[in-house]
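Presented below is the structure to which this report refers.
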Amino acid sequence: MFTGIIEELGTIVSLHADQENLDITVRAALASEVKIDQSVSHNGVCLTVVSIQDDTYTVTAIKETLDKTNLSTLKEGAIVNLERGMKVGDRLDGHIVQGHVDQVAKCIAISEADGSWYYTFSYDPSLSNITIEKGSVTVNGVSLTVVNSKKNEFSVAIIPFTYEHTNFNTFETGTIVNLEFDVIGKYVQRITQLGL
C-alpha cells in the first residue's frame, strides 16, 4: 500500500529481458534502505526488490505488468518516480494507492499557469474507469486531484515542488503514463452498477 507521495527519483541503469520478464535495475539513494522482498512503487507500479548492490537494486516485471503499464517503454537513463510501501501509523498525506495500475493514458496537453502547470491526459473509456471532479487519481505513482473530469480525459494541476521532485518535468505531449484510479471511487462506481 502506498500514498502517492513520491520519495525520490530513480534512474534506470539496466534492463535485462529474462524470457517474458524484465529485470529492471534502478540507481537511487533509497537502495541502501530497502530489503530483498520489499515492495517499491515505480511510476505507480508495485514491484518486489529481488537484489541489491551498492546504490542500485533490481526488481522484476512480469509480462502482465509490461502489457498493462508504461514499464515496457523504459530505456536506460529514464527517470522513474519511487515510493516505498507506507508504514502503519504514518500520515496518509496523499490517498490510498495500491500500486496496481488500471491502465495507461497519453499526455495530450501541457500548459503553464503562472507558477504551476496543467497536464491533460486521455485514456480509453472502454475499460469502465472514471475520474471524479476533485477526486483523486494516481499518475505515474503521484497522488493528484482531478480537474476538468470528462468521460475519457482529465487534467491535473502541478505545483512547482511536484514538478521538480517527480518525473512530470520530463513529460511532453505524447508521453504515456500509468493511471491508478481512486480505489474508493472504483468501489462506489461498482456498488452503483450493481444497484446496491
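The structure displayed is predicted, hence computed values, not measured ones.
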Mind checking who shares a hydrophobic cluster with [X], ILVMFWY linked at side-chain heavy-atom distances under 4.5 Å?
X	result
L127	none
I79	L9
V49	I12, L15, L22, I24, V26, L30, V34, I36, V40, V45, L47, I52, Y57, V59, L66, L71, L74, V80, L82, V101
V50	none

Practice problem: Only counting residues at least two apart or in another chain, list the ones meeting side chain to side chain donor-acceptor pair (under 3.5 Å) with E133. | Solution: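 Partners of E133 by the side chain to side chain donor-acceptor pair (under 3.5 Å) criterion come out as none, since no residue qualifies.
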Practice problem: Taking side chain to side chain donor-acceptor pair (under 3.5 Å) as the test, write out the residues that go with S126, two or more places apart. | Solution: D124
Self-check item: side-chain hydrogen bond (donor to acceptor under 3.5 Å, both in side chains) contacts in which one or both residues fall within residues 20-29, not counting sequence neighbours
Solution: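 Passing the test, one end in residues 20-29: D23-T60, T25-T58, R27-D55.
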Practice problem: With sequence neighbours excluded, tell me which residues meet salt bridge (Lys or Arg N to Asp or Glu O under 4.0 Å) with K106. | Solution: none
Quiz item: Looking at residues at least two apart in the chain, or sitting in another chain, which of them share a salt bridge (Lys or Arg N to Asp or Glu O under 4.0 Å) with E7?
Solution: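 Once residues adjacent in sequence are excluded, the partners of E7 under the salt bridge (Lys or Arg N to Asp or Glu O under 4.0 Å) criterion are R84.
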Practice problem: Taking side-chain contact (heavy atoms from CB on, under 4.5 Å) as the test, write out the residues that go with E64, two or more places apart. | Solution: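 Scan of E64 (side-chain contact (heavy atoms from CB on, under 4.5 Å), adjacent residues dropped) gives I62, K68.
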Self-check item: Residue list, side-chain contact (heavy atoms from CB on, under 4.5 Å) with C107, at least two apart or on another chain
Solution: I110, Y119, F121, T175
Exercise. Among F168, F171, Y163, find the one that has a side chain to side chain contact (heavy atoms under 4.5 Å, CB included) with W117.
Key: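 Answer after filtering F168, F171, Y163: Y163.
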Self-check item: Side-chain touch N70/N43, heavy atoms, less than 4.5 angstrom
Solution: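 With C-beta onward as the side chain, the pair touches.
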Self-check item: Validation row: T3, E83 side chains within 4.5 angstrom (heavy atoms)
Solution: yes
Quiz item: Do you know which two heavy atoms are closest between E180 and G44, and how far apart they sit?
Solution: OE1-O, 4.5 Å
Self-check item: Nearest non-hydrogen partners of A105 and L179, listed with the distance
Solution: CB-CD1, 3.5 Å
Under 3.5 Å, side-chain donor or acceptor atoms of residues 144-160 against the rest of the protein: list the pairs with distances, not counting sequence neighbours.
from, atom 1, to, atom 2, distance (Å)
S149, OG, T131, O, 3.0
S149, OG, T131, OG1, 2.6
S155, OG, T120, OG1, 2.7

